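Here's the structure we're looking at; comments come further down.
Source: prediction; values computed, not measured. Start at 1 and go down the list; that is how both ligands and their atoms are numbered. When reading the values below, keep in mind they use all heavy atoms of this one structure, side chains included, and skip hydrogens, waters and symmetry mates.
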Amino acid sequence: MTTPVRRCVCPGSFDPVTNGHVDVIVRAAALFDEVVVAVLHNPAKRGTFPVEQRLELIAEALPADVRERVRAEAFAGRLLVDVCRDVGAGAIVKGLRGGTDFAYELPMALMNRHLTGIETMFLPGDPALEHVSSSLVKEVHRYGGDVTGLVPDGVLAALRSLV
Ligand code: PNS
């Protein structure tokens, strides 16, 4: 008899991925056999980075030792619970930077459990990266601030090539 693969989904917009995201993804990979990083986007909204580029930036930010077990995929206009069902994931993993994140995430976790019974596991974010979000990083960079150390090197380069 084969042991079933324990797979989770780490969902988000990842526009772009930050070092806080990477920390959570790597820690999810320590808890599960496989991690699907689900880039969920609204096809009607244009983000800062095209979805294909977001996927590439995630893939190249992953440490070599987890690359085989972590894949990034894009999903447009879908419920997260449907994505989880389609990829065969038994849990959702999200990072929490603090109480504001918890207030935002709790109703979604409860709604997702209401819809299909799927559980959400919250990992405490690295306190050194508590202030890091995709939107703040973009804003700080846009006005000339230094975001080195807050995002993967590939994202730094991508930010610099934004017009
Ligand atoms: O990185 P973000 O923007 O905080 O991620 C939010 C995201 C994409 C995970 C959330 O909006 C989501 O799950 N969207 C998919 C649509 C869905 O399932 N909505 C109902 C949530 S209860």
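Annotation for Leu110: hydrophobic cluster partners, listed by chain and number, are Leu96, Phe102, Leu106, Phe122 (ILVMFWY side-chain heavy atoms under 4.5 Å, direct or chained). Clustering of Ile, Leu, Val, Met, Phe, Trp and Tyr by side-chain heavy atoms under 4.5 Å joins Tyr143 with none of the others.
Salt-bridge annotation for Asp101 and Arg97: present, with a side-chain N of the basic residue lying under 4.0 Å from a carboxylate O of the acidic one.
In this structure, the separation between CG on Asp33 and CZ on Arg69 is 7.0 Å, given to the nearest 0.5 Å.
Shown are Cys8, Pro11, Cys10; of these, the side chain to side chain contact (heavy atoms under 4.5 Å, CB included) with Ile92 is made only by Pro11.
Closer than 4.0 angstrom to ligand 1 by heavy atom are Pro11, Gly12, Ser13, Leu40, Arg78, Leu79, Leu80, Lys94, Tyr104, Met108, Met111, Asn112, sorted by chain and number.
Qualifying salt bridge (Lys or Arg N to Asp or Glu O under 4.0 Å) partners for Glu56, counting only residues two or more places apart in sequence or in other chains: none.
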